[in-house]
Amino acid sequence: MDLDQPTVPLPGEVRMPLLGFGTWQATGKAGYDAVLAALDAGYRHIDTATMYGNEEEVGRAVQESGLRREDVFLTTKLPPERVGRERETIEASLRALGTDHVDLWLVHWPPSNPADSIPVWRELLAARDEGLARAVGVSNYSTAQIDELIQATEENPAVNQIPWSPFLYDRQRHIEHRDRGVVLEGYSPFKRSDLSDPVLTRIAGAHGVSPAQVVLRWHIDHEIVVIPKSVTPERIRANADVFQFALTAEEMRDIDALGGT
Ligand SMILES: NC(=O)c1ccc[n+]([C@@H]2O[C@H](COP(=O)([O-])OP(=O)(O)OC[C@H]3O[C@@H](n4cnc5c(N)ncnc54)[C@H](OP(=O)(O)O)[C@@H]3O)[C@@H](O)[C@H]2O)c1
């Protein structure tokens, strides 16, 4: 991947762009158009899932973008009710996406039966070892649930994708991920934020950007992966335009304080 955007290293020489594009609820033609617009706007990381029902549209947009497959980081996710059918699920994802591997495959959320957790994780590791996914991880896992996987297999998830925003900022939880070599990937950066908060509007005003752009830049400066979703072309472009300004250390601290920790 040849990129002028910031990335974070994952095991196996994989580099994950800190800015990605979310696609939940972006389906059909709207989903295809949004992903194509995102790639045109400069995103090089797309987040989808079996559950989103849009892998085909995502795959088609990547193919028709004219970009090389290796220049786009693709994530998809296993619905945990597919326990015992992991292999057929990733094969279906790859067929729909029109590729022979994804860059990251996540367990979408912890299996409802905790006894399934480790067998599912072993299936992900097997898929990685066979080259179907370059890296594997989890989503919506607690630190204790991550520790169980590490204890059983000595393999840490490369990533944990969880809800995150300035208003959910939890320094301790971030440190727990770092200590285990797990990259924190935040989701729902806007839905979990009050974009009219005076701290965000003041900082946005000082830089001539929007509060949404401040929220995204704050994630990136913490080296937390962020995956804003939009189907609106102007927002898709604005959400990618977050590398032209920098937050000061004091602004970072003021935004951190919105999380109350
Ligand atoms: N692992 C999980 O369990 C999980 C759960 C939730 C989400 N995710 C992933 O994370 C991605 C992002 O989260 P999300 O879709 O829940 O929420 P989000 O990205 O926080 O918010 C999306 C909403 O914000 C609007 N929006 C986009 N840009 C904006 C801007 N600049 N200013 C104001 N509003 C803006 C969008 O509207 P328009 O689209 O109408 O422009 C949409 O309504 C998802 O798409 C999905 O890929 C993962």
Side-chain angles (χ1 to χ4, degrees), residues 16-38 41 43 45-55 57-58 61 72-82 93 97 102-112 124 136-142 145-146 157-169 177 182-197 200-201 204 207-220 224-242 245:
M16 181 177 194
L18 282 164
L19 176 71
F21 185 69
T23 69
W24 182 36
Q25 298 172 321
T27 53
K29 182 167 182 328
Y32 167 81
D33 288 346
V35 175
L36 204 55
Y43 299 80
H45 162 188
I46 311 290
D47 182 81
T48 181
T50 294
M51 199 199 93
Y52 299 170
N54 63 9
E55 288 175 311
E57 288 79 3
V58 168
V72 182
F73 185 101
L74 276 181
T75 300
T76 195
K77 312 187 194 82
L78 171 81
E81 70 269 13
R82 300 283 178 99
S93 286
L97 287 163
V102 287
D103 297 281
L104 182 63
W105 192 30
L106 303 177
V107 187
H108 206 143
W109 57 91
S112 48
L124 264 78
V136 288
V138 295
S139 178
N140 298 305
Y141 276 52
S142 67
Q145 288 167 325
I146 289 173
V159 169
N160 187 24
Q161 187 184 109
I162 57 176
W164 202 259
S165 84
F167 299 85
L168 297 181
Y169 182 59
H177 282 78
V182 179
V183 169
L184 205 166
E185 176 174 16
Y187 70 68
S188 303
F190 305 139
K191 286 184 186 163
R192 306 289 182 135
S193 291
D194 173 3
L195 295 176
S196 63
D197 181 276
L200 296 180
T201 53
H207 293 282
V209 299
S210 70
Q213 289 169 312
V214 169
V215 166
L216 299 176
R217 184 62 196 239
W218 170 84
H219 282 77
I220 290 165
I224 292 171
V225 178
V226 65
I227 46 173
K229 171 264 177 186
S230 176
V231 291
T232 313
E234 310 84 71
R235 285 173 168 177
I236 292 171
R237 282 193 295 274
N239 294 342
D241 186 16
V242 293
F245 69 102

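Scope of the values below: all heavy atoms of this structure, side chains included, with no hydrogens, waters or symmetry mates. Both ligands and their constituent atoms are indexed starting at 1 by order of listing.
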Is it the side chain (CB and beyond), the backbone, both or neither of Thr48 that lies under 4.0 Å from ligand 1, heavy atoms counted?
-> neither
Taking distance alone, no hydrogens or angles, what donor-acceptor pairs closer than 3.5 Å link side-chain atoms of residues 25-35 to residues at least two apart or in another chain?
from: Gln25; atom 1: OE1; to: Lys191; atom 2: NZ; distance (Å): 3.4
from: Lys29; atom 1: NZ; to: Asp33; atom 2: OD1; distance (Å): 3.3
from: Lys29; atom 1: NZ; to: Asp33; atom 2: OD2; distance (Å): 2.5
from: Tyr32; atom 1: OH; to: Glu64; atom 2: OE1; distance (Å): 2.5

Protein heavy atom at shortest distance from atom 31 (N) of ligand 1 = Asn239 OD1, 3.0 Å
Would you mind finding which of Thr23, Asn160, Asn140 brings a heavy atom closest to atom 3 (O) of ligand 1?
-> Asn140
Around atom 24 (O) of ligand 1, find the nearest protein heavy atom and jot down its residue, atom name and distance.
-> Phe190 CD1, 3.9 Å
Heavy atom of the protein closest to atom 12 (C) of ligand 1 (residue, atom name, distance) = Ile227 O, 3.1 Å
Gln161 heavy atoms within 4.0 Å reach ligand 1 at atoms 1 (N), 2 (C), 4 (C), 8 (N), 9 (C), 48 (C)
Quick one: does Pro228 get a heavy atom under 4.0 Å from ligand 1?
-> yes
For ligand 1, note which part of Lys229 has a heavy atom under 4.0 Å away: side chain, backbone, both or neither.
-> both
Protein contact of atom 7 (C) of ligand 1 - nearest heavy atom, named by residue and atom, plus distance = Tyr187 CD1, 3.5 Å
Salt bridge Asp47-Lys229, side-chain N to carboxylate O under 4.0 Å = no
Counting from 1, what ligand 1 atoms have a heavy atom of Thr232 closer than 4.0 Å?
-> 38 (P), 40 (O), 41 (O)
Pull out every atom of ligand 1 sitting under 4.0 Å from any heavy atom of Pro189, numbered as shown with elements.
-> 18 (P), 19 (O), 20 (O)
Nearest neighbour in protein (non-hydrogen) for atom 47 (O) of ligand 1 = Asp47 OD2, 2.6 Å
Indicate whether any N or O donor in one side chain lies under 3.5 Å from an N or O acceptor in the other, for Thr48 and Asn54.
-> yes
Just how far is it from atom OG1 of Thr75 to atom CE of Met16, taken to the nearest 0.5 Å?
-> 4.5 Å
Considering heavy atoms of the protein only, find what lies nearest to atom 26 (N) of ligand 1 and give residue, atom and distance to 0.1 Å.
-> Arg235 NH1, 3.7 Å
Is the side chain of Arg192 donor-acceptor paired with the backbone N or O of Pro163 at a distance under 3.5 Å, no angle test?
-> no
Non-neighbouring partners of Ser188 that pass side chain to side chain donor-acceptor pair (under 3.5 Å), sequence neighbours left out | none
Of the options Val226, Asn160, Leu106, which is the one that meets Glu185 in a side chain to side chain contact (heavy atoms under 4.5 Å, CB included)?
-> Leu106
Is ligand 1 under 4.0 Å from a heavy atom in the side chain of Ala212, in the backbone, in both, or in neither?
-> side chain
Go through Leu216 and Phe190 one step at a time and tell me if the side-chain contact (heavy atoms from CB on, under 4.5 Å) criterion holds.
-> CA-CA 9 Å; Leu216 299 176; Phe190 305 139; 3.9 Å; yes
The answer for which part of Ser139 has a heavy atom under 4.0 Å from ligand 1 is side chain
Main-chain N/O of Asn239 paired with Gln213 side-chain donor or acceptor, under 3.5 Å = no
For the residue pair His108 and Asn140, confirm or rule out a side-chain donor-acceptor distance under 3.5 Å.
-> no
Under 4.0 Å from one or more heavy atoms of His108, ligand 1 contributes atoms 1 (N), 2 (C), 3 (O)
Nearest protein heavy-atom contact for atom 13 (O) of ligand 1: which residue, which atom, what distance?
-> Ser188 N, 3.1 Å
Name the option, out of Tyr52, Phe21, Trp24, Trp164, that contains the heavy atom nearest to atom 8 (N) of ligand 1.
-> Tyr52
Using the benzene-type ring in the case of Trp, are the ring centres of Tyr169 and Trp218 under 6.0 Å apart?
-> yes
